[in-house]
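Below is one structure; the comments refer to it alone.
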Amino acid sequence: MRIPPDTDSATKPQPRVVARQSPGLHLIGDLYGCRGHAGLMTDAPALEAFCKQAVLDAGLTIVGSLFHSFGVGQGVTGAVVLAESHLAIHTWPEDALVTLDVYVCNYRGDSSARAEALFGALQQAFAPADACVHRVWRR
């Protein structure tokens, strides 16, 4: 079936192109062979307290948080919602694995140093033998 050409395109409203800038850095990491503080891998309240302090130390603003333990000795999943975006973390103690997701954006200026500081503090606490980190610049 052939679709006839659009003869009304000149009269249809065209999509408005808006030049936007939302500078931000999104850090996504997989931390392998974690040898750091073992309690952070399995203790949801301890991990939440640590993450919230790391957020504050990086100069970011906490809006809320939720952390969940999968049971005694099991992993933890958690998120800290930031005024500037978010931190998400998941631990697998049985595999010595942690995944991190830190996104920080700000219309008023470059906050990439804060994102790097937060990510760095978390990475240092877990002391991975190896890490795979992706840096996505959002503009």
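We number each residue from 1, following the sequence as shown.
For H86 and H26, the ring centers sit closer than 6.0 Å to each other.
Residue V80 is grouped with residue L56 when hydrophobic side chains (ILVMFWY) are merged at heavy-atom distances under 4.5 angstrom, including chains of intermediate members.
Residues passing the side-chain hydrogen bond (donor to acceptor under 3.5 Å, both in side chains) test with S112 are D110, sequence neighbours excluded. Residues forming a side-chain contact (heavy atoms from CB on, under 4.5 Å) with V72 (at least two apart in sequence, or on another chain): none. Applying the side-chain contact (heavy atoms from CB on, under 4.5 Å) criterion to A117, with sequence neighbours excluded, gives A58.
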I'd like to know whether I28 forms a side-chain contact (heavy atoms from CB on, under 4.5 Å) with V133, so could you lay out the CA-CA distance, the side-chain angles of the two residues, the decisive distance to 0.1 Å, and finally the verdict. CA-CA 6 Å; I28 305 158; V133 180; over 6 Å; no

Apply the test side-chain contact (heavy atoms from CB on, under 4.5 Å) to residues Y103 and R138: give CA-CA distance (whole Å), side-chain angles for both, the deciding distance (0.1 Å), then the verdict. CA-CA 9 Å; Y103 179 40; R138 304 246 173 135; 3.7 Å; yes

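The closest donor-acceptor contact from the side chain of E48 to the backbone of L66 lies at 3.5 Å or more, if one exists at all. With T91 contributing its side chain and M41 its backbone, the two residues share a donor-acceptor pair below 3.5 Å.
Contact annotation: the side chain of Q53 never approaches that of V55 to less than 4.5 Å [non-hydrogen atoms, C-beta and beyond]. For the pair L25 and W137, the minimum side-chain heavy-atom distance is below 4.5 Å. Between V76 and F70 there is no side-chain heavy-atom pair separated by less than 4.5 Å.
In this structure, Q124 places its CD atom where only 12 or fewer heavy-atom neighbours from other residues, nucleotides or ligands lie under 6.0 Å away.
Side chains of E84 and T61: a donor-acceptor N/O pair is present below 3.5 angstrom, by distance only.
Each of D30, T77, D101 was evaluated against H90; a single residue qualifies, T77, per the side chain to side chain donor-acceptor pair (under 3.5 Å) test. Paired with L47 under the rule side chain to side chain contact (heavy atoms under 4.5 Å, CB included), one option of V98, L122, I89 passes, and it is I89.
Annotation: cation-pi pair R35/F126 absent, no NZ/CZ under 6.0 Å from the ring centroid and within 45° of its normal.
Here the straight-line distance linking atom OG1 of T99 with atom CG of L31 works out to 8.0 Å at 0.5 Å rounding.
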